[in-house]
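These notes are about the structure you will find just below.
Bear in mind that the values here come from a model prediction, so they are computed numbers and not experimental data. Reckoned from all heavy atoms, side chains included, excluding hydrogens, waters and symmetry mates. Within every chain, numbering begins at 1; the chains are lettered A, B, ... in the order of the sequence lines, protein sequences first and strands thereafter.
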Amino acid sequence: MKKSTIAWIALMAVTAQPLGASALADPVSDSLEIDGQAMITEAPAPKEPAGHPFEVVKSGWLYREPETRSMEMDSFENPGMLNVERGEEIWNTVEGEAGKSCASCHNEASESMKGVGAHYPKWNANAGKPINIELQINACRENQMKAEPYKFDAQDQKDLSAYIKHQSLGMPVEVDLSAGDMMSWWEKGKERYYLRTGQLNLACATCHEANNGLYLRADHLSQGNTNGFPTYRLKQGNLVSLHNRFRGCIRDTRAEQPKAFSDELMALEVYTAWRGGGLSVETPAVRQ
Amino acid sequence: MNRAFKQSLALIAVFATAPAIAETRPGDVKVDDMMVAEPIAEERGDPAEGRKVFADRGLGNCLACHVNADLKGELFQGNVGPAMDGVAGRWEPAQLRAIVVNAKKVFGDQTIMPGFYTLDVGVDVAEKFKGKTILSAQQVEDVVAYLETLKSE
């Protein structure tokens with residue numbers, strides 16, 4: 001190799017600064033309180049199963065611009081809270097032939113749903129696979145309410161999922177990998193996380209593990225944690241579901257996108273929820 | 001199959017591959033010792049075109065990962081890779097061509113930098129990109145010619 005590799009490595013360290021951006025390459029060290037309640041935005045990485053790539057897992061909040069960060073700190077400023085309010089209305093609305101609402105079975109969400117969102121995705125013995133909040137909602141609609149399941153990313157699906165997850169605000173994410181066959185889904189998800197896809201030949205790990213903290217154009221790459229979903233994205237002016245985000249990241253590698261709730265994406269959801277274990281649920285987090 | 005028909009098939013085969021005389025197909029570009037010594041396109045690289053390809057989000061989108069003072073006017077330059085200032089002083093043209101053609105042959109399999117003229121890519125490539133390279137052979141030469149102009153640190 002000519003003209004030393006060392007030279008450019010050194011150069012990289014000195015010049016690795018996006019022009020025109022004032023932010024440093026590293027995530028900020030700042031503490032997040034939402035309406036005065038402290039969030040865990042940095043946690044020791046889960047020890048079991050072994051092999052987590054990081055010492056400390058970090059919330060995507062730490063990688064955002066100051067204005068975006070402050071929006072999430074105050075529920076009056078967080079535009080996603082309007083969706084959460086709308087979710088509460090849906091919770092109480094009767095739909096379907098059984099003449100029931102969510103509240104008919106679960107009463108007050110602030111009690112019955114507290115902590116629920118923090119433990120999804122979850123093994124479902126009937127389905128023989130892990131399910132997420134969206135699929136649980138659909139199961140309730142079909143089996144209990146005799147109503148149509150939501151189509152992927154229907155506004156009501158996003159609003160109601162956000163409402164349910166929001167009941168766990170601040171609680172640490174923890175998935176139960178000992179239930180059923182969860183470990184084999186974890187394995188599958190891990191494989192997928194390191195699988196390079198598309199014409200650009202990138203894996204999740206290429207961006208979120210090897211290069212987190214750096215800028216890809218205007219995007220400050222985070223660890224790609226899932227604790228804020230559904231998140232409110234300023235760019236879209238709407239809530240964005242986790243599987244929508246997964247599909248977007250995969251599309252950006254110029255690959256075909258797996259379907260929402262497909263086995264591939266459910267496995268990724270199990271694996272990424274584990275990777276971000278210990279971080280507080282921030283739903284609805286605000287992202288750019 | 002009659003003879004005339006066979007001949008016409010053979011002719012079609014010849015014409016279909018005709019452009020390969022002018023430019024080297026992706027599978028035929030050999031990266032030797034981190035170098036691609038010969039140009040891969042017929043025309044000499046045009047640095048002005050290369051500068052456009054470098055910045056264009058739909059083409060090189062090199063700014064996604066590389067800061068480049070020569071393109072100061074462009075907002076949002078990423079820093080996933082090293083800055084491009086003075087890159088011509090760090091690598092020979094044959095090495096720069098190898099880096100753009102298939103960075104993995106120079107930096108190793110783990111690099112994030114995509115190969116811009118290779119079909120050795122990831123799985124599940126989207127239909128519209130299947131069998132295609134990110135840049136054309138000519139665009140690669142243009143980018144390399146442009147990188148050659150980046151002399152000052």
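Counting only heavy atoms from C-beta outward, the side chains of B/V80 and A/L221 approach each other to under 4.5 Å.
The candidate from B/K104, B/M113, B/K128, B/K130 with the greatest count of non-hydrogen atom pairs under 4.5 Å with chain A is B/K104. The residue among B/G86, B/G115, B/A64 with the most heavy atom pairs within less than 4.5 Å of chain A is B/A64.
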Side chain to side chain contact (heavy atoms under 4.5 Å, CB included) between A/N201 and B/T118, worked out: CA-CA 11 Å; A/N201 207 354; B/T118 176; over 6 Å; no
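For a residue to count as touching a neighbouring chain, one of its non-hydrogen atoms must lie under 4.5 Å from one of that chain's; by this rule B/T133 touches chain A with the backbone only. Looking at A/L200, the atoms closer than 4.5 Å to chain B (heavy atoms on both sides) sit in the backbone and in the side chain alike. Residue A/A210 does not touch chain B at all, counting heavy-atom pairs closer than 4.5 Å. Only the side chain of A/L195 comes within contact range of chain B, with at least one heavy atom under 4.5 Å from a heavy atom of that chain.
B/Q110 and A/R196 get closest at one heavy-atom pair: O-NH2, 3.2 Å. When every heavy atom of B/V125 is checked against every heavy atom of A/G198, the shortest pair comes out as CG2-C, 3.8 Å. Here the closest non-hydrogen pair linking B/I112 and A/T206 is CG1-CG2, 3.4 Å.
In this structure, A/R254 satisfies the cation-pi test against B/F129, with its NZ or CZ atom closer than 6.0 Å to the six-membered ring centre and inside 45 degrees of the ring normal.
Here CD of A/Q199 is found 9.0 Å from NZ of B/K132. Values are rounded to the nearest 0.5 Å.
Formation of a donor-acceptor pair under 3.5 Å by the B/Q77 side chain with backbone atoms of A/R217 is not found in this model. With hydrogens and angles ignored, the 3.5 Å screen pairs no side-chain donor or acceptor of B/N79 with any backbone N or O of A/L214.
The number of heavy-atom neighbours closer than 6.0 Å to CZ of A/R251, taken from other residues, nucleotides and ligands shown, is above 12.
Under the ring pair (Phe, Tyr, Trp, His ring centres under 6.0 Å) criterion, A/W274 pairs with A/H52, A/W186, A/Y271, not counting sequence neighbours.
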